[in-house]
Asker: 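Please find one structure pasted underneath; my questions will follow.
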Amino acid sequence: MDVIYPNEEQIHGAVQKICAAGVQKPDGFFRFVRRMQGQIGLRQIFLGCYDVLLFLLSLALFLIFCLALTLETATVLHSRVYPSAFACAPLFYALALILCYAKERGSACFALKMSCKYNLLYLLAYRMFVFALGGLGLNTVFAMVCSARLDASFAQLFCLSFSALFLFAAAFIALLPRMRPVRAISLLALLWLALTALPALLFAEAFTAFLLRIPEAVYLLLSVCCVLLYLRFLARIPTNRRLRNYAHLA
């Protein structure tokens with residue numbers, strides 16, 4: 001059997017063609033979001049998570065409503081408004097990720113979803129973006145309620161919650177390729193509460209003074225850095241081999 005090999009001219013032409021085409025660059029984050037919306041659609045991206053999200057949103061709005069009714073009379077909360085805004089800022093984001101991913105992981109169709117072109121990791125990346133925006137919206141409502149019912153600065157509350165949310169999100173996305181998703185978000189949430197909620201409960205006045213001593217510009221600068229880091233690595237989640245292996249392990 002004769003094997004036909006390419007000659008030098010054909011090899012050189014193929015090399016030139018490959019060099020001219022260049023290496024395909026990975027999609028930027030916003031191109032990734034547009035592609036997901038166009039080819040899958042929002043309904044399919046959040047399929048199976050509507051009950052979880054409805055429960056969390058209802059619970060969060062109910063707690064904010066109860067807080068608005070009792071804030072003026074509950075004097076114990078007055079000295080803990082700023083620490084509470086900082087400590088509770090990433091809770092919706094963390095709970096939404098834990099519950100939605102755990103539900104998907106326990107689904108009988110999990111193996112099938114992981115074999116699709118847009119597997120669960122694509123959905124996870126998109127959901128992480130939307131959950132962060134949802135958390136930011138709830139934090140803004142909380143800041144508006146507190147500033148309206150108390151003598152508290154909306155700008156300071158917003159900057160505190162904004163920086164806390166994306167600091168948590170950036171830490172999670174840095175930890176994600178090194179640990180299983182549920183374990184990573186659970187461990188980070190417990191660590192976050194230990195570092196923020198305990199000082200808010202035990203040393204409320206000192207913790208409040210510490211948070212207010214930091215200028216708002218520093219919070220905004222920290223927030224911008226965390227947002228840029230978060231968006232940079234979010235689109236790389238679906239192609240991360242180690243994370244793909246962890247996804248099968250939970």
Side-chain angles (χ1 to χ4, degrees), residues 46 49-100 127-172 185 188-224 226-227 230:
F46 292 98
C49 297
Y50 293 118
D51 52 347
V52 173
L53 295 179
L54 181 61
F55 169 75
L56 289 177
L57 283 173
S58 301
L59 179 62
L61 293 175
F62 174 75
L63 292 177
I64 292 176
F65 176 75
C66 293
L67 181 67
L69 294 179
T70 60
L71 201 56
E72 291 182 348
T73 57
T75 56
V76 70
L77 298 176
H78 293 187
S79 61
R80 293 180 169 87
V81 170
Y82 293 103
S84 299
F86 188 79
C88 299
L91 288 187
F92 173 81
Y93 175 83
L95 287 174
L97 279 178
I98 291 174
L99 295 178
C100 289
R127 289 171 183 174
M128 287 172 64
F129 172 67
V130 175
F131 292 162
L133 293 182
L136 182 61
L138 289 174
N139 293 338
T140 304
V141 173
F142 175 81
M144 291 173 63
V145 169
C146 291
S147 61
R149 306 290 288 183
L150 292 177
D151 187 17
S153 170
F154 171 79
Q156 288 178 324
L157 287 170
F158 178 79
C159 291
L160 276 173
S161 58
F162 186 28
S163 60
L165 171 62
F166 282 98
L167 181 62
F168 182 92
F172 171 63
I185 190 69
L188 187 60
L190 291 175
L191 182 63
W192 178 268
L193 290 176
L195 294 177
T196 58
L198 287 180
L201 292 173
L202 301 177
F203 313 103
E205 294 184 2
F207 194 39
T208 300
F210 170 75
L211 292 175
L212 296 181
R213 193 177 297 121
I214 301 175
E216 295 174 9
V218 175
Y219 286 116
L220 291 177
L221 180 61
L222 176 63
S223 302
V224 170
C226 290
V227 168
Y230 187 67

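Reckoned from all heavy atoms, side chains included, excluding hydrogens, waters and symmetry mates.
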Asker: Sort and list the pairs that fulfil salt bridge (Lys or Arg N to Asp or Glu O under 4.0 Å) and have at least one residue in residues 128-141, not counting sequence neighbours.
Answerer: none
Asker: Taking all atoms of both residues into account, what is the closest heavy-atom pair of Met128 and Phe172, and its distance?
Answerer: CE-CE2, 3.5 Å
Asker: Please round to the nearest 0.5 Å and tell me the distance separating atom CZ of Phe166 and atom CG of Leu222.
Answerer: 11.5 Å
Asker: What is the minimum heavy-atom distance between Leu167 and Cys226, and which atoms define it?
Answerer: CA-SG, 3.8 Å
Asker: Ser153 vs Tyr82, test: side-chain contact (heavy atoms from CB on, under 4.5 Å). Steps then yes/no.
Answerer: CA-CA 9 Å; Ser153 170; Tyr82 293 103; 3.9 Å; yes
Asker: Can you give me the closest heavy-atom contact between Pro83 and Ala204, atom names plus distance?
Answerer: CG-O, 4.2 Å
Asker: Grab the two heavy atoms, one from Ala194 and one from Leu198, that are nearest each other, plus how far apart they are.
Answerer: O-CB, 3.5 Å
Asker: Is any side-chain heavy atom of Phe131 closer than 4.5 Å to a side-chain heavy atom of Leu53?
Answerer: yes
Asker: Knowing that exactly one of Leu138, Val227, Leu136, Leu91 qualifies, which makes a side-chain contact (heavy atoms from CB on, under 4.5 Å) with Leu165?
Answerer: Leu136
Asker: Sequence neighbours excluded, which residues qualify as ring-ring contact (aromatic ring centres under 6.0 Å, His included) partners of Phe86?
Answerer: Trp192
Asker: Under the side-chain hydrogen bond (donor to acceptor under 3.5 Å, both in side chains) definition, can you give me all pairs with a residue in residues 135-147, not counting sequence neighbours?
Answerer: none
Asker: Test: salt bridge (Lys or Arg N to Asp or Glu O under 4.0 Å). Region: residues 130-141. Which pairs qualify, not counting sequence neighbours?
Answerer: none
Asker: Looking only at heavy atoms, which two atoms of Cys100 and Val52 are closest? And how far apart?
Answerer: SG-CG1, 3.9 Å
Asker: Can you tell me which residue pairs pass the side-chain hydrogen bond (donor to acceptor under 3.5 Å, both in side chains) test with a partner in residues 159-170, sequence neighbours excluded?
Answerer: none
Asker: How many angstroms lie between atom OG of Ser84 and atom CG of Leu157, to the nearest 0.5 angstrom?
Answerer: 10.0 Å
Asker: Within this structure, what is the CG-CG distance for the pair Leu212 and Leu160, rounded to the nearest 0.5 Å?
Answerer: 7.0 Å
Asker: Does CZ in Phe154 sit with more than 12 non-hydrogen atoms of other residues, nucleotides or ligands closer than 6.0 Å?
Answerer: yes
Asker: Kindly give the heavy-atom pair with the smallest separation between Ala87 and Ala197, and that separation in Å.
Answerer: CB-N, 4.1 Å
Asker: According to the interplanar angle, ranging from 0 to 90°, do the rings of Phe210 and Phe207 count as parallel (below 30°), tilted (30 to 60°) or perpendicular (above 60°)?
Answerer: parallel
Asker: Would you be so kind as to tabulate the donor-acceptor pairs closer than 3.5 Å made by side chains of residues 55-63, with sequence neighbours excluded?
Answerer:
residue : atom : partner : partner atom : Å
Ser58   : OG   : Leu54   : O            : 2.7

Asker: If you measure from SG on Cys49 to CG on Leu97, what distance do you get to the nearest 0.5 Å?
Answerer: 10.0 Å
